[in-house]
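Report on the following structure.
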Amino acid sequence: MALNARLDHRNPLVFDTHELGRRPGALQRLTRTVDAPGDFGIKGVVGVPEGTPVELELRLESVMEGVLVTGTARATAEGECVRCLEPLELELEADFQEMFSYPDADDRGRVIAEPGDDAEDDEDRLFVEDGLIDLEPVLRDAVVLALPMQPVCQEDCPGLCSECGARLADDPDHHHDAVDIRWAALQGLADTMKDGEKDEMGGAEPGVDEKQEK
């Protein structure tokens, strides 16, 4: 990732690492609750709503080439069950670890004269900028990876009735009498024939032969 113009220290997801200095082995532990930024999840499926509290537990460690950040984020995600379409909430816990490199050091921590010469390498790297690090892209990736791609309200959710859309969990005995259209016409013909027989039988007195009537 290319260096930003300047990070804003007032951003709650920007952290100051000056206390660590550039002393390998120096360690700092932090806890912070921040408001979730926008688009914090899988759009249209499940995510952490903007402004929802996100609890962070962080471990910042100074190493030769930069600052290694290890942490855990906890928040409540909201979405919709993919089976019954009912709203749902789930407690989310996302672990992450990321290296923020010093812009003037290579992978071995050695100072280089012109940082960022290799554009392809820099594109995938995060940097310490004026002693500040921005955790938002790291946190966003961790949250998305921790979210279920197909959230369900419960593991055995039966979903919706394919015929009428009723929620099956509310009515376990819900069903429809199936009629095979292949037999429907024959059944109608059979009913017609039965009705015809009844009409014929109703035209003569019981026990009287037609010849005897003549």
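Along the sequence shown, residues carry numbers from 1.
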Rounded distance [0.5 Å steps], [atom1] in [X] versus [atom2] in [Y]:
X	Y	atom1	atom2	value
Glu57	Thr70	CD	OG1	12.5 Å
Phe100	Ile133	CZ	CD1	4.5 Å
Leu56	Thr72	CG	OG1	9.5 Å
Glu89	Glu78	CD	CD	5.0 Å
Glu61	Arg23	CD	CZ	12.5 Å
Leu147	Ile42	CG	CD1	5.0 Å

Exercise. Backbone N or O of Arg10 within a donor-acceptor pair of the Asp8 side chain at under 3.5 Å?
Worked result: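 Checking the backbone N and O of Arg10 against the side chain of Asp8, a donor-acceptor pair under 3.5 Å is found.
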For this session: Could you go through the side-chain contact (heavy atoms from CB on, under 4.5 Å) check for Met99 and Glu65 one step at a time?
Result: CA-CA 9 Å; Met99 169 66 71; Glu65 61 269 30; 3.7 Å; yes
List the atom of [X], the atom of [Y], and the distance in Å for their closest heavy-atom pair.
X	Y	value
Gly51	Asp35	O-OD1, 3.5 Å
Pro49	Thr52	O-OG1, 2.9 Å
Ala73	Phe96	N-CE2, 4.0 Å
Pro151	Val45	CD-CG1, 3.6 Å
Ala77	Val46	CB-CG2, 4.2 Å

For this session: Just do the side-chain contact (heavy atoms from CB on, under 4.5 Å) check on Val143 and Val54 with the steps written out, would you?
Result: CA-CA 11 Å; Val143 167; Val54 180; 6.0 Å; no
Exercise. Does a donor on one side chain sit under 3.5 Å from an acceptor on the other, for Thr76 and Glu91?
Worked result: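 A pair is found: one side chain offers a donor N or O, the other an acceptor, under 3.5 Å apart.
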Exercise. Do the side-chain N and O atoms of Ser101 and Arg125 include a donor-acceptor pair separated by under 3.5 angstrom?
Worked result: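 Looking only at side-chain atoms, Arg125 and Ser101 do form a donor-acceptor pair, the distance falling under 3.5 Å.
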For this session: I would like to know whether Leu132 and Thr17 meet side-chain contact (heavy atoms from CB on, under 4.5 Å); could you show each step before the answer?
Result: CA-CA 6 Å; Leu132 303 176; Thr17 68; over 6 Å; no
Problem set entry | Joint hydrophobic cluster, Leu58 plus Val67, side-chain heavy atoms closer than 4.5 Å |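 Yes, same cluster.
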Exercise. If we only count heavy atoms from C-beta on, is the Val152 to Cys81 side-chain gap below 4.5 Å?
Worked result: yes
Exercise. Heavy atoms, side chains only, cut-off 4.5 Å: are Val138 and Leu126 in contact?
Worked result: yes
Exercise. So which of Asp16, Leu27, Leu68, Val69 actually passes side chain to side chain contact (heavy atoms under 4.5 Å, CB included) with Leu60?
Worked result: Val69
Exercise. Can you name the one residue among Val144, Asp39, Leu139, Leu92 that meets side chain to side chain contact (heavy atoms under 4.5 Å, CB included) with Val48?
Worked result: Leu92
Seminar exercise, completed: salt bridge (Lys or Arg N to Asp or Glu O under 4.0 Å) pairs touching residues 139-150, sequence neighbours excluded, are Glu136-Arg140
Problem set entry | Glu55 with Arg32: basic N within carboxylate O range, under 4.0 Å | no
Exercise. Do other residues, nucleotides or ligands put more than 12 heavy atoms under 6.0 Å from Glu93 CD?
Worked result: yes
For this session: Quick one: list whatever passes side-chain contact (heavy atoms from CB on, under 4.5 Å) with Ser62, sequence neighbours left out.
Result: Leu20, Ala26, Tyr102
